[in-house]
S.K.: 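Would you mind keeping the following structure in view while I ask a few things?
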Amino acid sequence: MEKYAEWVEIGGGMLGGIAGLGAGAFLGMIFAPPNEFGDLIGVVLGMVLGYALGVGIGMGLAAWRLRRHSRPWLAPLGSLVGLGLVLLLSEPLHLNAATGLLLGSIALVAPAAAFFSLRFERRPA
């Protein structure tokens, strides 16, 4: 199992991302204001935040279950930082010109940030 531990973490992130997408869409639909486009905006925003949190939580739980890393809470934090970087750089990089490009970059950067944040270990002095 140790041989495939990184793949198990990535698989946990995928499952967490799918669960986060569904939960975020549901919560966005419930808590969005019922005006013309408020429900659509709530669902899309909930899906994006739910995906980023789900990927991080899934990878963190997989790493905790495998007992590979001492700080699995870094994975959700890393995925949210990755989401924030994509959203901050979307205007200068013209990612918001095409929705598929923006969502594709979120789908790639958030798991990568969660994965690499799990590998961040503090070195003893």
Side-chain angles (χ1 to χ4, degrees):
M1 190 64 139
E2 187 69 29
K3 181 177 170 182
Y4 300 109
E6 285 87 9
W7 292 105
V8 171
E9 289 174 5
I10 291 171
M14 287 177 165
L15 291 176
I18 291 170
L21 269 173
F26 181 71
L27 290 174
M29 187 171 49
I30 288 177
F31 293 115
N35 57 11
E36 294 177 9
F37 287 107
D39 52 352
L40 177 67
I41 293 169
V43 167
V44 171
L45 197 62
M47 286 173 65
V48 168
L49 288 174
Y51 174 74
L53 273 176
V55 164
I57 290 172
M59 277 192 191
L61 285 176
W64 174 73
R65 177 71 176 100
L66 293 171
R67 291 172 174 65
R68 285 185 42 99
H69 303 286
S70 60
R71 292 183 250 166
W73 55 269
L74 283 176
L77 182 67
S79 74
L80 287 177
V81 167
L83 172 68
L85 284 175
V86 169
L87 293 179
L88 283 175
L89 294 174
S90 64
E91 182 63 34
L93 297 177
H94 301 293
L95 295 176
N96 55 1
T99 307
L101 185 62
L102 179 63
L103 292 177
S105 61
I106 288 172
L108 292 175
V109 171
F115 185 76
F116 289 120
S117 68
L118 279 175
R119 269 98 193 115
F120 178 72
E121 294 289 331
R122 192 175 356 178
R123 304 282 182 234

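As the structure is a computational prediction, the values presented were derived from the model and not from experiment. Note that these values count all heavy atoms, side chains included, but never hydrogens, waters or copies made by symmetry.
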S.K.: Taking Ser117 for its side chain and Leu74 for its backbone only, find out whether a donor-acceptor pair lies under 3.5 Å.
M.R.: yes
S.K.: Is the shortest distance from a Lys or Arg side-chain nitrogen in Arg119 or Glu9 to a carboxylate oxygen in the other one below 4.0 Å?
M.R.: yes
S.K.: Which heavy-atom pair separates Leu118 from Pro72 by the least distance, and what is that distance?
M.R.: CD2-CA, 4.0 Å
S.K.: Calculate, to the nearest 0.5 Å, the distance between atoms CG and CG belonging to Leu102 and Leu95 respectively.
M.R.: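 Those atoms lie 6.0 Å apart.
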S.K.: Run the side-chain donor-acceptor check on residues 43-59: report pairs under 3.5 Å with partners two or more places apart or on a different chain.
M.R.:
residue : atom : partner : partner atom : Å
Tyr51   : OH   : Ala107  : O            : 3.1

S.K.: Donor-acceptor pairs under 3.5 Å, side chain of residues 81-90 to any protein atom, not counting sequence neighbours: which ones?
M.R.:
residue : atom : partner : partner atom : Å
Ser90   : OG   : Leu87   : O            : 2.9

S.K.: Does any pair with a residue in residues 92-113 pass side-chain hydrogen bond (donor to acceptor under 3.5 Å, both in side chains), and if so which ones, sequence neighbours excluded?
M.R.: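 Listed once each, the pairs are Glu91-Asn96.
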S.K.: Applying side chain to side chain donor-acceptor pair (under 3.5 Å), name anything that partners Asp39, two or more places apart in sequence or on another chain.
M.R.: none
S.K.: Give the other cluster members for Leu108, using side-chain heavy-atom distances under 4.5 Å between Ile, Leu, Val, Met, Phe, Trp and Tyr residues; answer none if it is isolated.
M.R.: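 Hydrophobic cluster check, Leu108: no partners found.
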S.K.: Check residues 12-30 and write down every donor-acceptor pair under 3.5 Å in which the side-chain atom is one partner and the other belongs to a residue at least two apart or another chain.
M.R.:
none

